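Report on the structure given below.
Just so it is clear, the values below take in all heavy atoms, side chains as well, and ignore hydrogens, waters and symmetry mates. All values derive from a computational prediction rather than experimental measurement.
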Amino acid sequence: MGSSSDKLFNRERTIHEILGGGIVADVMLWRKKNVSVGIVTVTIASWMVFEAFAYTIFTLISSVLLLLLSILFLWSKSASILNRPSPPLPEFQISEAMAEEASIWLRIHVNKLLQVSYDIAMGRDSELYTKVAVSLFLISLIGSLMDFQTLCHTSVLVVMTVPAVYERYEDHIDGSILFICNKAKELYLRVEVLAFPENKKLS
């Protein structure tokens, strides 16, 4: 195992620790093989069912909710007629504390997004603009290649395979990515000097 300087982001923790070190990490890293195989199998099978029957995720959710509500409605009606207990359902409520915590979280992240957008629009951070532009281009490219439903299934498969493969070949992957990042950084600096020569003079 290499030193922390040979790792991505100079990290010292293992992949298992970064993923939380709990059951979720064990499943993602295939340390609970039965659960991992089950998730992958269900994901592939559900994708095949959606494709074969031309179902969409919204159609499935609507059908399941309709069936569930109909069963509970008929259960409650029959229980009142036959003097039987009603379905054991808790009251669904969002507490004031939960709503306040969610609003604070939303406000913080929206303000960060607005600040980033403002900095880019004012031309203050060309590196940040490049990162955002590349990210938006990749999202647009992925969206043109597949629909949301396929994207969700693909994301599950990626989550279930990439961390496990990375953990197994960690040293080789880190070395390759660091080499590519260094080359890309050199290329970016050259382009920045050519595109913004005044920044070079100021520095």
Side-chain angles (χ1 to χ4, degrees), residues 1-22 24-25 27-29 56-58 61 94-167 169-203:
M1 191 71 67
S3 62
S4 62
S5 60
D6 298 328
K7 303 296 182 183
L8 288 178
F9 313 113
N10 295 326
R11 58 180 175 78
E12 298 180 354
R13 297 188 299 168
T14 63
I15 298 299
H16 189 264
E17 293 172 343
I18 292 174
L19 294 176
V24 175
V27 173
M28 292 176 64
L29 296 176
T56 64
I57 188 66
F58 297 107
I61 293 176
I94 298 178
S95 65
E96 185 176 350
M98 291 175 59
E100 183 177 353
E101 184 178 351
S103 63
I104 293 174
W105 180 89
L106 181 62
R107 179 178 60 83
I108 292 174
H109 285 78
V110 168
N111 285 336
K112 286 182 179 179
L113 178 61
L114 293 175
Q115 184 62 48
V116 169
S117 302
Y118 181 79
D119 290 341
I120 293 175
M122 297 300 294
R124 294 179 178 175
D125 195 335
S126 55
E127 183 177 358
L128 180 60
Y129 164 76
T130 303
K131 292 179 180 179
V132 172
V134 171
S135 300
L136 291 177
F137 173 76
L138 291 176
I139 293 173
S140 176
L141 180 62
I142 293 173
S144 65
L145 296 176
M146 64 183 68
D147 56 16
F148 180 74
Q149 182 175 292
T150 304
L151 178 62
C152 290
H153 285 89
T154 305
S155 300
V156 173
L157 294 178
V158 169
V159 168
M160 293 301 300
T161 53
V162 171
V165 172
Y166 177 77
E167 184 186 43
Y169 303 102
E170 183 176 349
D171 293 333
H172 300 290
I173 295 175
D174 281 350
S176 301
I177 292 178
L178 288 174
F179 176 78
I180 294 173
C181 288
N182 290 333
K183 291 297 182 182
K185 189 174 181 180
E186 291 177 6
L187 179 61
Y188 172 80
L189 291 175
R190 292 178 184 175
V191 172
E192 188 177 27
V193 169
L194 293 176
F196 305 100
E198 64 276 6
N199 294 343
K200 182 67 176 177
K201 294 178 180 179
L202 292 176
S203 61

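For the side-chain hydrogen bond (donor to acceptor under 3.5 Å, both in side chains) condition, no pair includes a residue of residues 127-138, sequence neighbours left out. Screening residues 153-164 for salt bridge (Lys or Arg N to Asp or Glu O under 4.0 Å) gives no qualifying pairs among residues at least two apart or on separate chains. For residues 94-127, the pairs satisfying ring pair (Phe, Tyr, Trp, His ring centres under 6.0 Å) are W105-H109, with sequence neighbours left out. Counting only residues at least two apart or in different chains, salt bridge (Lys or Arg N to Asp or Glu O under 4.0 Å) contacts with residues 149-166 are absent.
Going from atom CD of E170 over to atom CG of D174 covers 5.5 Å, rounded to the nearest 0.5 Å. Atom CG of L141 is separated from atom CG of L145 by 5.0 Å, given to the nearest 0.5 angstrom. Between the CG atom in L187 and the CG atom in N182 there is a gap of 12.5 Å [rounded to 0.5 Å]. For the atom pair CD1 (I108) and CG (N111), the distance works out to 8.5 Å, reported to the nearest 0.5 Å. Note that CE of M28 and CD1 of I15 are 9.5 Å apart. Values are rounded to the nearest 0.5 Å.
Looking at residues two or more places apart in sequence or on another chain, you find no side chain to side chain contact (heavy atoms under 4.5 Å, CB included) involving E101. For R124, the salt bridge (Lys or Arg N to Asp or Glu O under 4.0 Å) test picks out D119, with sequence neighbours left out. With sequence neighbours left out, Y188 forms a side chain to side chain donor-acceptor pair (under 3.5 Å) with S126. Residues passing the side chain to side chain contact (heavy atoms under 4.5 Å, CB included) test with K183 are F179, E186, sequence neighbours excluded. With sequence neighbours left out, the side chain to side chain contact (heavy atoms under 4.5 Å, CB included) criterion links A25 to H16, L19. For T154, the side chain to side chain donor-acceptor pair (under 3.5 Å) criterion is met by no residue, not counting sequence neighbours. Here H172 pairs with nothing under the ring-ring contact (aromatic ring centres under 6.0 Å, His included) rule; sequence neighbours left out. Here V132 pairs with I120, L128, L136 under the side chain to side chain contact (heavy atoms under 4.5 Å, CB included) rule; sequence neighbours left out.
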Check the pair M160, V27 against side-chain contact (heavy atoms from CB on, under 4.5 Å), reporting the backbone distance first and the verdict last.
CA-CA 8 Å; M160 293 301 300; V27 173; 3.8 Å; yes

Could you walk me through whether H153 and L157 satisfy the side-chain contact (heavy atoms from CB on, under 4.5 Å) test, starting with their C-alpha distance in whole Å, then the side-chain angles of each, then the deciding distance to 0.1 Å, before giving a yes or no?
CA-CA 6 Å; H153 285 89; L157 294 178; 5.7 Å; no

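In this structure, L151 and M146 approach most closely via the heavy-atom pair CA-SD, 3.6 Å.
Under a 3.5 Å cut-off, the side chain of S103 and the backbone N or O of A99 do form a donor-acceptor pair.
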